2 protein chains.
Amino acid sequence: MSPARSGTGAGTRPKRPTMVDVAREAGVALRTVSRVVNNDPTVGEKNLAKVQAAIAALNYRPDERARQLRLGVTGTIGAAVRRIAEVNPELAAIEHTARSSGLTLLAASTDFDEAREREILISMCRQRLDGIIVEPIGESHGYLQPELEAGMPVVSMDRPMSGISADCVMSDNASGIGMAFHHLHQHGHRRIAYIGDSERVFSGRERAGAFRASLRAYGEPLDGLVHTGEITAQRVAAALETALHAAQPATALVTGNMETTIAVLRQLGRDQASRIAIVGFDEVPLADLLQPALTVVAQDTARIGRTAVELLRARMAEPDRAVETVVVPLDLIVRGSGELRA
Amino acid sequence: MSPARSGTGAGTRPKRPTMVDVAREAGVALRTVSRVVNNDPTVGEKNLAKVQAAIAALNYRPDERARQLRLGVTGTIGAAVRRIAEVNPELAAIEHTARSSGLTLLAASTDFDEAREREILISMCRQRLDGIIVEPIGESHGYLQPELEAGMPVVSMDRPMSGISADCVMSDNASGIGMAFHHLHQHGHRRIAYIGDSERVFSGRERAGAFRASLRAYGEPLDGLVHTGEITAQRVAAALETALHAAQPATALVTGNMETTIAVLRQLGRDQASRIAIVGFDEVPLADLLQPALTVVAQDTARIGRTAVELLRARMAEPDRAVETVVVPLDLIVRGSGELRA
DNA sequence: CTGAAAGCGCTAACAA
DNA sequence: TTGTTAGCGCTTTCAG
């Protein structure tokens, strides 16, 4: 009756009706409203109609938070990836798979930052998500051990977790590099150089290692052909200089990931890019529009994302199952840049 | 004592310790644990230490859901965009801005699907998020009216909502198209064609309209120069055929969005692409590596994303403030394709 | 400085 | 078929 109630001014959010309000409005018990909201068939027609009318009249929306608290599960899984908002086909696959499993996806960017990763992961645990998929950045995930023990399902993607044992799905980096090398070798190249990410990163390490193994397997010397480290314009320029202007210059290049591939193409510029053979590891946007079009060893990102969700669901269903690592093969996509002859 | 407790088999998730467990372990009251968890300074050293020890011993993690239920706010905002997992600088900006405001971001893809958009938006409302940013797809958002009235802050990005009145941030489509047209005109082109998205989409409508206005302003006829509709290879091919092989063939092209630009480049192929002048609306990945490099009118995506969060926060703070629309200017980025002479 | 107790909005025994 | 009631795990008023 008194206007004082609504007079609290700016910042006041109107209170939303609750189930009790609906029950009162409909003249039934709380339990009946709950039944209607959850499509329980054991509700009489009369009451059903009354409740539905009350819901409509009050614009009632059930509070998902309360429901989840009571139920114990959230119906939501988290994905901590390096970048949402960048081309990320694995995340797209995760989203689709999650949706078709009736799971909501909470995605967050670790931004290549270890502290940020930790923050996100802990926050997801505190939110009691049903499970977490993570594209790991950090070098020590020990802080997740208690969470694992408490039953939080965790799956890592692209790289294994360090310090803890969790399910994992990743590409077969070694054979991918092997395919790239072999392809260039078949096209007559003998001096093949590798430029890739830092070997402090797991995939950088695996790929550089596999490349060295390829060189050895084909009986080629390693001198000046393997360049790894942070990807900067400077470093790439230096690597190219060494590789291309040696006494025995490289005639072909394998680049270790998308960022490197792009940096190398930028550095080479338009003219040189059509003279040296290149096979990139990872798909590159608009690769088909480049000149020459870019030959790559592509990860099966759709399968990786899908598998990540499947592994997660398997663990949610059976927390005690054996930890599993799935290795996914890669595909060579021939477009032109890798077929330039020596 | 009896092993029956843990014998329920697979699917059982170990029960996590709650605040009560911590209190018992530490030998203090629940209230004291709550104080410690929330960094309340009014806790004695003795108890503080005891509680911290108990938390560590039990690996206690507060349940964020319960906390939010009690508190009423979630500290989380939602972003319903067309695609996470694609290049989406606006989403990246939203994420950064949200984070630096201490807000968690829940991002979801509408996937250009009206039903999906509705599903996501309703779900976000049921989760009682603190606010929602949406890149609208559907042509009728009337179903959100009750939510707005109930005080849910909603901001639209890139396009206005239809059927309801909400804050909005978007690019100045008309001047962007004007800049593109003017630029080509300055480089001697008189027959300039436009290929863009369907005019059933808001931005498609605005941009095509602005292009027609430009043609009129410069006194050029419109015949066969404006092509809009769903972006498919076929449609683009047909549009190019009409524009380039008319009696008075177009010598320059404005493309209405990124997808169109890419489709056009693919269609033109390598040879033709260097003969016809192009200015694209929207930035394109690797635009600088194309041949010729692509001149575009770029949206200020960082500012759009940042503004979206700012508008949202403003409304969260002051639900009754006047609805605001922010229009953001665009930038012409000169790279080569737009400077080819007629 | 600490603790008992009420309640956030919902679900699910259990009773009627 | 419907209603009563006890929590889910947390914050917070109000007494000690």
Side-chain angles (χ1 to χ4, degrees), chain A residues 13-52 54-55 58-76 123 125-130 150-151, chain B residues 13-52 54-55 58-76 123 125-130 150-151:
Chain A
R13 223 157 120 169
K15 201 180 155 317
R16 303 203 54 139
T18 75
M19 221 171 228
V20 191
D21 298 319
V22 176
R24 190 181 323 109
E25 170 85 11
V28 299
L30 178 61
R31 181 70 175 95
T32 304
V33 179
S34 173
R35 284 204 171 92
V36 171
V37 167
N38 292 287
N39 297 313
D40 185 322
T42 74
V43 179
E45 278 187 29
K46 275 267 172 61
N47 279 342
L48 179 61
K50 280 200 288 186
V51 170
Q52 284 170 336
I55 288 179
L58 298 179
N59 280 319
Y60 168 73
R61 296 257 186 271
D63 186 324
E64 196 58 33
R65 295 170 301 177
R67 181 195 174 81
Q68 290 174 4
L69 177 59
R70 184 59 230 244
L71 250 33
V73 296
T74 59
T76 302
S123 158
C125 290
R126 289 175 60 135
Q127 290 187 66
R128 301 292 193 270
L129 298 189
D130 294 352
Chain B
R13 221 156 123 171
K15 201 180 157 315
R16 303 204 56 139
T18 75
M19 222 172 228
V20 190
D21 299 319
V22 176
R24 191 181 321 111
E25 171 85 10
V28 300
L30 179 60
R31 180 71 175 94
T32 306
V33 179
S34 174
R35 284 208 170 87
V36 172
V37 167
N38 293 287
N39 298 312
D40 186 321
T42 73
V43 180
E45 278 187 30
K46 274 268 172 58
N47 278 344
L48 180 61
K50 282 200 288 187
V51 171
Q52 284 170 338
I55 287 178
L58 298 178
N59 281 318
Y60 169 72
R61 295 257 185 273
D63 186 325
E64 196 58 32
R65 295 171 301 178
R67 172 167 224 266
Q68 289 174 5
L69 177 59
R70 182 60 232 244
L71 252 32
V73 295
T74 59
T76 302
S123 158
C125 291
R126 289 176 60 137
Q127 290 185 68
R128 302 290 192 272
L129 297 189
D130 293 352

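Please read these numbers as outputs of a predicted model, since none were measured by experiment. Chain identifiers are assigned alphabetically (A, B, ...) following the order of the sequence lines, protein sequences preceding nucleic acid strands; residue numbering begins at 1 within each chain.
- Residue order along DNA chain D, read from the 5' end via each residue's closest nucleotide, puts Glu45(A) first among Glu64(B) and Glu45(A).
- Taking atom CG on Asn47(B) and atom P on dC1(C), their separation rounds to 11 Å, with Å as the unit.
- Side-chain proximity of Arg67(A) to dT11(C), dT12(D), dG3(C): nearest is dT11(C).
- The distance from the CG atom of Leu58(A) to the OG1 atom of Thr18(A) is 9.5 Å, given to the nearest 0.5 Å.
- Contact check, Asn38(B) against dT11(D): a side-chain N or O comes under 4.0 Å of OP1 or OP2.
- Val20(A) comes within 4.0 angstrom of no nucleic acid atom, judged by non-hydrogen atoms across all strands.
- When the side-chain nitrogen and oxygen atoms of Thr32(A) are compared with OP1 and OP2 of dG3(D), one or more of them lie within a distance under 4.0 Å.
- Rounded to an integer number of Å, the gap from Arg24(A) CZ to dG3(D) C1' is 16 Å.
- Distance Leu71(B) CG to dC8(C) C1': 10 Å, rounded to the nearest Å.
- For dT2(D), neither phosphate oxygen OP1 nor OP2 lies less than 4.0 angstrom from any side-chain nitrogen or oxygen of Thr42(A).
- Within the nucleic acid shown, Arg65(B) has no heavy atom closer than 4.0 Å to any nucleic acid atom.
- Look at CG on Asp40(B): it is 15 Å from C1' on dC10(D), rounded to the nearest Å.
- Distance CZ/Arg67(B) to CZ/Arg126(A): 6.5 Å, rounded to 0.5 Å.
- Within 4.0 Å (heavy atoms only), Val37(A) reaches no atom of the nucleic acid at all.
- In this structure, the nucleotide among dG3(C), dG7(D), dG9(C) sitting nearest to the side chain of Arg70(A) is dG7(D).
- Summary of the strand contacts: Ala66(B) and Leu30(B) both lie near DNA chain C, and taking for each the nucleotide with the nearest heavy atom, the more 5' one is attributed to Leu30(B).
- Closest heavy-atom contact between Val33(A) and Val22(A): CG1-CG1, 3.8 Å.
- In this structure, Arg35(A) places its CZ atom 12 Å from P of dT4(D), rounding to the nearest Å.
- Among all heavy-atom pairs drawn from Val43(A) and Arg35(A), the shortest one is CG2-CB, 3.5 Å.
- Atom pair Met19(A):CE and dA12(C):C1' shows a separation of 12 Å (rounding to whole Å applied).
- Nucleic acid contact for Thr18(B): sugar-phosphate only, since backbone atoms but no base atoms lie under 4.0 Å from a heavy atom of the residue.
- As a whole-Å value, the separation of Gln68(A) CD from dA12(C) P is 13 Å.
- For dT2(C), the OP1/OP2 oxygens have no side-chain nitrogen or oxygen of Arg31(B) closer than 4.0 Å.
- Among the protein residues, Leu69(A) comes within range of the nucleic acid bases, having at least one heavy atom under 4.0 Å from a base atom.
- Rounded to an integer number of Å, the gap from Asp63(B) CG to dC8(C) P is 18 Å.
- Expressed to the nearest 0.5 Å, how far CD of Gln127(B) lies from CD of Gln68(A) amounts to 6.0 Å.
- Tyr60(A) and Val37(A) make their closest contact through CE2-CG2, 4.0 Å (heavy atoms, listed as atom of the first residue, atom of the second, distance).
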